[in-house]
Structure formats: C-alpha cells, structure tokens
Amino acid sequence: MLEAVILTLKIMGWLGIILGILVLVNITTSTIYNVWSGIETFSWKKMLKGIGKSAVFYFSAVAIGIAFTMLPYINEMITNAFGVILLSNELLNTLSSVGILGVVMSTIVIQAKKAITGIIKMSGISTNDEVITWEVEEE
C-alpha cells in the first residue's frame, strides 16, 4: 500500500507543478486586467487569498487521490478480517485509477479554464456571441 500511495503522491506532485503554472497565469492575468481596466485596485491581501485558495484546492485533490488509492487495500483488510468480500479488488483498483484520474483532470481543467478566461480578458478579445433569431411574422 505504501508504494501505491507514494506513486499517487508522485502523480500529484506533477499535478502540483502544472497547477502552480496555471494558478500563476490565472492570478497574473486577472490582476493585470483588473488593475489596468480600473475595476479594482491592487491588493496583496486579495492576491494571497487567491494563492491560499489554490493551495487548499491542491491539498484537497491530493487527499482525495490518496483516499482513492487506499480503497483496494482497505477492502483486502476487511476481507482478511471478516471473510466477507464487499467488492472485488479488480473493481476497486479500477475505481481507484478512475478516481485519481478524475481528480487530476478536473483540477487541471478547472484551473486551465480560469487561466484561459484571464488571458482572454487581458487580451481584449470579445467573447460575446451574437444571437440570431428568426421570427416568423404572420400576415
């Protein structure tokens, strides 16, 4: 179990690097946009609050990844202790892998979306879509 948890931590370490890059892009672009456009004044408190939220988000993702990694091993302990098979280890290994992958990908997608939004706002690209409606006029 320890090897599996260490492997999960290694994966989450890479996630941390990617997440850190995305958070830096998000915070930098949002800060520059908000200060230059006059929406807000620069605030160290608000910036540190954003970095703190990202850190909590990352450590929560790591904890969920470790929890999913431990599922098959806990199931095996229950089976050995009580002689009852709750779920097969193959199923739990698959659920564990899918769970970790889901946590990693959702974390990256959420932060990437925020970073891309910041880049779009900072570059001045309009994302407003013109809606064309067709109205039928009866005579």
Side-chain angles (χ1 to χ4, degrees):
M1 178 168 70
L2 185 59
E3 291 177 16
V5 170
I6 290 172
L7 180 62
T8 300
L9 288 173
K10 188 176 179 181
I11 292 168
M12 292 305 202
W14 284 107
L15 168 67
I17 292 170
I18 294 169
L19 187 63
I21 292 168
L22 292 172
V23 165
L24 285 175
V25 169
N26 178 26
I27 289 174
T28 303
T29 56
S30 296
T31 301
I32 291 171
Y33 174 76
N34 289 335
V35 170
W36 281 357
S37 63
I39 295 173
E40 296 179 13
T41 59
F42 180 76
S43 168
W44 281 104
K45 182 179 178 182
K46 186 170 182 178
M47 181 179 274
L48 292 175
K49 183 179 175 183
I51 293 171
K53 283 173 146 181
S54 299
V56 168
F57 188 74
Y58 171 70
F59 287 117
S60 299
V62 170
I64 290 171
I66 291 172
F68 276 118
T69 301
M70 294 174 64
L71 277 177
Y73 299 100
I74 292 171
N75 185 53
E76 191 174 322
M77 287 180 203
I78 291 171
T79 302
N80 291 338
F82 301 109
V84 177
I85 298 174
L86 298 175
L87 294 170
S88 71
N89 275 342
E90 291 177 7
L91 176 64
L92 283 175
N93 282 329
T94 303
L95 286 174
S96 173
S97 300
V98 169
I100 293 169
L101 183 63
V103 168
V104 169
M105 292 310 296
S106 64
T107 304
I108 289 173
V109 166
I110 289 169
Q111 286 302 317
K113 182 180 177 216
K114 289 180 179 181
I116 290 170
T117 302
I119 291 170
I120 289 172
K121 282 198 283 187
M122 192 175 82
S123 66
I125 299 172
S126 175
T127 58
N128 297 335
D129 295 330
E130 184 176 331
V131 179
I132 300 174
T133 60
W134 298 90
E135 296 181 17
V136 178
E137 294 180 13
E138 294 183 24
E139 296 179 16

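Contact of the Lys10 side chain with the Ile6 side chain is not registered, since no non-hydrogen atoms from C-beta on lie closer than 4.5 Å.
With rounding to the nearest 0.5 angstrom, the CE atom of Met12 is 11.0 Å from the CG atom of Leu7. Between the CG atom of Leu15 and the CD1 atom of Ile108 there is a distance of 5.0 Å, given to the nearest 0.5 Å. The CG atom of Leu95 sits 9.0 Å away from atom OG of Ser88, with the distance rounded to the nearest 0.5 Å. Lys46 contributes atom NZ, which lies 9.0 Å from atom OG1 of Thr41 (distance to the nearest 0.5 angstrom). The CG atom of Leu92 lies 10.0 Å from the CD1 atom of Ile74; values are rounded to the nearest 0.5 Å. Here the straight-line distance linking atom OG1 of Thr94 with atom CG of Leu71 works out to 12.0 Å at 0.5 Å rounding.
Connection of Val23 to Phe59 is established within a shared hydrophobic cluster, with ILVMFWY side chains joined at heavy-atom distances below 4.5 Å, either directly or through further cluster members. Under the 4.5 Å side-chain heavy-atom criterion for Ile, Leu, Val, Met, Phe, Trp and Tyr, Met105 and Ile11 are members of distinct hydrophobic clusters. The hydrophobic cluster containing Ile27 does not contain Ile21, counting ILVMFWY residues as joined when their side-chain heavy atoms lie under 4.5 angstrom apart, directly or transitively. Ile51 and Ile18 fall within the same hydrophobic cluster, defined by Ile, Leu, Val, Met, Phe, Trp and Tyr side-chain heavy atoms under 4.5 Å apart, directly or through other members. Residues Met77 and Met70 share a hydrophobic cluster, clusters being chains of Ile/Leu/Val/Met/Phe/Trp/Tyr side chains in contact below 4.5 Å.
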Could you go step by step and tell me if Ile39 and Tyr33 meet the side-chain contact (heavy atoms from CB on, under 4.5 Å) rule?
-> CA-CA 8 Å; Ile39 295 173; Tyr33 174 76; 3.7 Å; yes

Might you work through the side-chain contact (heavy atoms from CB on, under 4.5 Å) test for Thr31 and Phe42, ending with a clear yes or no?
-> CA-CA 7 Å; Thr31 301; Phe42 180 76; 3.6 Å; yes

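Within 6.0 Å of CD1 on Ile85 lie no more than 12 heavy atoms contributed by other residues, nucleotides or ligands. Within a 6.0 Å radius of CZ in Phe82, other residues, nucleotides and ligands contribute 12 heavy atoms or fewer. Counting heavy-atom neighbours within 6.0 Å of Met47 CE, excluding the residue itself, gives a total above 12.
Taking all atoms of both residues into account, the shortest heavy-atom contact from Thr29 to Asn26 is OG1-O, 3.2 Å. Residue Gly118 comes nearest to Ser30 through the heavy atom pair CA-OG, 4.4 Å, listed as atom of the first residue, atom of the second, then distance. The minimum heavy-atom distance between Ala4 and Tyr73, with the atom names listed, is CB-OH, 3.4 Å. Listed here is the closest heavy atom pair of Val5 and Thr69: N-CG2, 3.9 Å.
The backbone N or O of Val25 sits nowhere less than 3.5 Å from a side-chain atom of Thr28 that would complete a donor-acceptor pair.
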